[in-house]
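Below: one structure, written as structure tokens.
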Amino acid sequence: MSIERQTRLAAVTATLLLLCSAARAAQPPVTPDSACAQLRNQKVPASVMGLPTAGAVVTSATQMDVYCKVLGSIAAVDPTAPAIQFELDLPTTWNRKLLMLGGGGFNGTIPNTAGNVPAGPYDRPVPLARGYAVVGSDSGHQAPKTPQAPLKPGMDARFALNSEALRNYTGEALKKTHDAAAYLIHKRYGVRPGKAYFAGGSTGGREALEVVQRWPDDWDGAIAWYPAWNHVALVLQVGRVARALAAPGAWLNEKKRNTLFEAALGACDELDGVADGIVSNVAACNAKFDPATAVLNGSPLRCAGGADLGDACLSDAQIRALRVFSTPIEFEPALASGETHYPGYNLYGSDLGRDRDSPVQPIVIGLALGTVPPRASLVAGESPAVSVFWDQWVRFVFADNSNFDAVALDPVTRGTLRAHIDELAKTLDVNRTDYSAFANKGGKILMAHGTADVLVSTRSTEEYYTRIRATMSAAKVRQFLRFYEVPGFGHAVSSVFNASWDSLTALENWVERGVAPAAQIVSDSIGVPGRTRPLCEYPQWPKYRGRGDVNSAASFECVSGDLH
Ligand SMILES: [Ca+2]
């Protein structure tokens with residue numbers, strides 16, 4: 001089923017459910033129309049927000065079929081800084097809960113508040129249809145409608161030249177938006193939210209972990225998918241990879257990525273017990289597969305003599321770039337945030353942007369190696385994502401200098417920009433390992449990551465989880481945090497295994513009913529639509545039992561360790 005069709009189906013389902021629940025609801029004391037209209041031009045005083053602003057105002061309040069769509073603006077203290085624009089959708093039949101959605105990349109646009117949580121279930125009502133008040137903001141800057149040619153919205157970092165806009169992006173906008181939303185919810189319904197959840201992926205995953213670390217009193221639960229938690233450390237690794245791909249002849253075109261993927265499947269697919277097109281025993285694959293010695297269809301993957309002899313093999317320059325991509329960056333010296341390194345990526349069995357017919361493939365390619373080498377262009381969607389991100393981060397966030405040559409900056413030492421980069425790392429590396437304040441009030445976290453993510457390394461989230469357990473003890477962590485991995489799932493979308501999981505219900509059950517998640521199932525909506533797998537907690541992975549339908553989770557068990 002196409003993404004578009006799923007989205008339409010989800011929207012239709014959501015609307016039907018909303019209409020049904022609205023019909024059942026008791027008549028409110030005021031009509032939804034008038035309650036919504038009363039919010040127009042409503043001011044939110046600066047005094048109710050926990051960080052400095054010049055106050056907020058509702059710029060429009062429109063009664064839709066079954067919810068009030070509120071658009072608002074939180075003014076910056078610095079008159080030259082952009083406002084925070086937000087949307088707050090207030091359902092007519094409210095479940096007394098707030099859900100905030102995180103952003104992605106450099107943010108700059110308001111997330112779809114009538115949409116789903118990341119990797120959410122396509123066959124269940126969206127949060128707004130479940131009765132949530134849903135809020136999201138652009139985090140304090142607006143991606144240009146006509147982006148800096150030829151960048152696309154969300155990949156333009158010029159906003160960072162303003163310090164308040166940058167502070168908003170690094171987290172302050174999250175607190176201000178939450179507080180404005182809570183105030184408006186009180187205005188509309190007469191009470192504040194009984195429970196508040198945050199859900200996001202990538203930058204939004206960093207934001208999910210950040211809000212419960214910095215403002216634990218505000219939140220009851222968080223869903224963090226593929227979190228860019230140590231954001232500056234990640235960007236520096238991204239720079240190291242971008243530089244490696246910019247070396248002469250190092251970039252792999254889409255057909256070569258097919259070749260690499262097929263060779264890796266040949267070596268690794270069955271290490272998990274079944275040739276299903278998914279490398280589920282990732283640790284064994286990482287230990288076994290080496291592109292320099294691998295074989296595909298009886299021939300070496302490495303081109304004869306190491307030269308580039310076409311799409312059926314990889315040159316030595318390409319194999320060198322893959323080695324950089326799959327190994328850590330070690331900072332010299334460590335970042336001021338305390339981060340000493342950032343791990344490499346699981347490349348083998350991952351989709352680096354293959355030449356493949358799939359509705360999500362243009363997104364997969366744009367978030368991986370792109371369609372042109374990094375030296376030829378820095379256009380988002382064309383160049384490798386790592387190259388675009390590195391260029392934007394260095395020029396507009398690290399150097400405050402649009403003429404700075406990003407490829408010339410050594411990400412290991414940070415060169416002349418070290419002081420500024422390290423200052424940013426202290427905020428943007430959301431790396432606290434003690435969540436006691438949040439855990440002790442009953443807060444819960446669901447963290448998840450695809451093992452085939454080539455933009456935010458899955459290994460990095462594994463390291464963070466291990467560090468949290470070392471700080472707080474495994475038993476304590478068990479009381480409030482789960483970390484799941486999904487083999488075959490990449491960054492945000494995947495043509496191999498496009499994860500779909502009802503994380504919000506799992507979180508509700510844990511927070512509101514004390515029922516910890518167990519035996520969770522994840523579905524694929526793209527690779528083999530409708531197939532399921534057990535959602536395994538790291539370090540477990542789904543192993544085929546040796547019999548039964550390979551498309552059914554029941555035929556798999558979560559196991560630990562390398563069985564081969
Ligand atoms: Ca397999």
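Here the structure is a predicted model, which is why all the values come from computation and not from measurement. By convention here, the first residue in the shown sequence is residue 1. Atoms within each ligand, like the ligands themselves, are counted from 1 in listed order.
Side-chain contact of His449 with Glu462: a donor-acceptor pair under 3.5 Å is absent, judged by distance alone. Looking at Asn230 and Ser337, their side chains never bring a donor and an acceptor atom within 3.5 Å of each other. A donor-acceptor pair shorter than 3.5 Å can be found between the side chains of Trp501 and Gln520. For Arg130 and Thr505, the side-chain atoms include at least one donor-acceptor pair closer than 3.5 Å.
The Ca ion (ligand 1) has an N, O or S atom of Val274 under 3.0 Å away, backbone or side chain. In summary, no N, O or S atom of Val279 is located under 3.0 Å from the Ca ion (ligand 1).
Here the angle centred on the Ca ion (ligand 1), running from OD1 of Asp276 over to OD2 of Asp272, is 130°, rounded to 10°.
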